[in-house]
Amino acid sequence: MQKLGDFKLPQFFNYPPYFTLQPVRDTREKQVQLWKELILDYCRTQKIFVIGLEEEFPLFSNHLIERSLSNEAREAFLSVLVSEGRAEWLDRGHRKCLILWHRIQDWADILLHFVRDNGFEDSVMTVEEIRTGVESRGTELHGIDRTILMRALKLLEHKGKLAIFKGTSADDEGVKFSV
């Protein structure tokens with residue numbers, strides 16, 4: 001089994017036709033499904049939140065079989081993730097894509113579990129402490145993309161679970177949990 005670092009690649013990764021958009025509808029649907037799962041799984045395990053279409057991305061080429069996905073195929077696979085709510089284009093030109101291996105609601109739930117599991121109910125933390133602090137080490141929240149975290153926090157604020165306090169800089173933004 002081929003690996004990319006510590007990530008095990010699926011069998012289809014060594015099958016050259018899967019690096020070319022398939023013209024037959026049924027085959028393409030299977031191809032799209034395999035690529036969607038691979039992209040989400042890889043990004044989750046490697047904590048990758050943004051994929052740039054014009055940047056080098058390890059999954060988009062296989063040097064062993066000398067194949068790479070075309071920009072059209074890359075955009076097609078990411079567009080399906082966008083249509084299913086598992087990604088969002090960060091620009092109008094569809095050059096950068098925010099990957100949501102967890103939907104925003106799921107991130108909000110993970111955040112609530114983190115707060116409850118660590119006794120942070122009625123506590124105040126900075127956004128940066130949640131993202132990079134000692135408390136979040138070893139959790140899915142550690143290293144979370146700031147955009148995703150802020151959207152999850154705003155969702156919870158809307159539900160009355162917390163209040164976000166603006167600081168003098170982005171590093172000073174605070175969160176008061178009221179779970």
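We count residues from 1, following the sequence as given. In what follows, every heavy atom counts, from backbone to side chain, and hydrogens, waters and symmetry copies are set aside.
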Please step through side chain to side chain contact (heavy atoms under 4.5 Å, CB included) for the pair Ile144 and Ile130, ending with a clear verdict.
CA-CA 9 Å; Ile144 186 174; Ile130 297 168; 5.5 Å; no
Ring centroid separation for Phe60 and Phe19, is it under 6.0 angstrom?
no
Does Leu111 belong to the same Ile/Leu/Val/Met/Phe/Trp/Tyr cluster as Ile164, with side-chain heavy atoms less than 4.5 Å apart forming each link?
yes
Among the clusters formed by ILVMFWY side chains lying less than 4.5 Å apart, do Val124 and Leu162 turn up in the same one?
no
Looking only at heavy atoms, what is the nearest atom pair of [X] and [Y], with distance?
X	Y	result
Ser123	Gly119	OG-O, 4.1 Å
Thr20	Gln31	O-NE2, 2.8 Å
Leu69	Tyr18	CD2-O, 3.9 Å
Ser178	Gly160	OG-O, 3.5 Å
Ser68	Ser61	OG-CB, 3.0 Å
Arg116	Glu121	CA-OE2, 3.5 Å

Taking salt bridge (charged side-chain N to carboxylate O under 4.0 Å, His left out) as the definition, give me every residue that meets it alongside [X], ordered by chain and number, with sequence neighbours left out.
X	result
Glu56	none
Glu29	Arg25
Lys166	Glu173

[X]: which residues meet the side chain to side chain donor-acceptor pair (under 3.5 Å) condition with it, sequence neighbours left out?
X	result
Glu54	Arg95
His113	none
Gln22	none
Asp122	none

Which residues pass the side-chain contact (heavy atoms from CB on, under 4.5 Å) test with Pro16, not counting sequence neighbours?
Ile65, Arg67
For Lys96, what residues pass the side-chain contact (heavy atoms from CB on, under 4.5 Å) criterion, not counting sequence neighbours?
Val50, Glu55, Leu90, Asp91
Are any of the side-chain heavy atoms of Trp107 and Arg151 separated by less than 4.5 Å?
no
Under 4.5 Å between any side-chain heavy atoms of Leu53 and Trp89, yes or no?
yes
To the nearest 0.5 Å, tell me how far [X] [atom1] sits from [Y] [atom2].
X	Y	atom1	atom2	result
Ile104	Met150	CD1	CE	11.5 Å
Ile48	Leu98	CD1	CG	12.5 Å
Ile110	Leu149	CD1	CG	11.5 Å
Ile51	Arg74	CD1	CZ	10.0 Å
Ile148	Asp106	CD1	CG	11.5 Å
Lys159	Leu112	NZ	CG	8.0 Å

Would Glu157 and Lys154 pass as an ion pair if we require N to O under 4.0 Å?
no
Determine, for Glu140 against Lys47, whether the closest basic-nitrogen to carboxylate-oxygen distance falls under 4.0 angstrom.
no
Ring pair (Phe, Tyr, Trp, His ring centres under 6.0 Å): which pairs involve residues 119-146, sequence neighbours left out?
Phe114-Phe120
Taking only residues two or more places apart in sequence or in another chain, which ones pass ring pair (Phe, Tyr, Trp, His ring centres under 6.0 Å) with Tyr42?
Phe7, Phe57
Would the distance check show the side chain of Thr126 and the main-chain N or O of Glu129 forming a donor-acceptor pair, the cut-off being under 3.5 Å?
yes
Counting only heavy atoms not in Lys30, do more than 12 sit closer than 6.0 Å to its NZ atom?
no
Would you sort out whether Leu38 and Phe12 count as a side chain to side chain contact (heavy atoms under 4.5 Å, CB included), showing the intermediate values?
CA-CA 10 Å; Leu38 177 60; Phe12 85 85; 3.7 Å; yes
Can you give me every donor-acceptor pair (side chain of residues 76-86, partner residue at least two apart or in another chain, under 3.5 Å) with its distance?
residue, atom, partner, partner atom, Å
Ser79, OG, Glu75, O, 2.8
Ser83, OG, Val80, O, 2.8
Glu84, OE1, Lys36, NZ, 3.0
Glu84, OE2, Lys36, NZ, 2.8
Arg86, NE, Leu100, O, 3.1
Arg86, NH2, Leu100, O, 3.4
Arg86, NH2, Trp101, O, 2.2

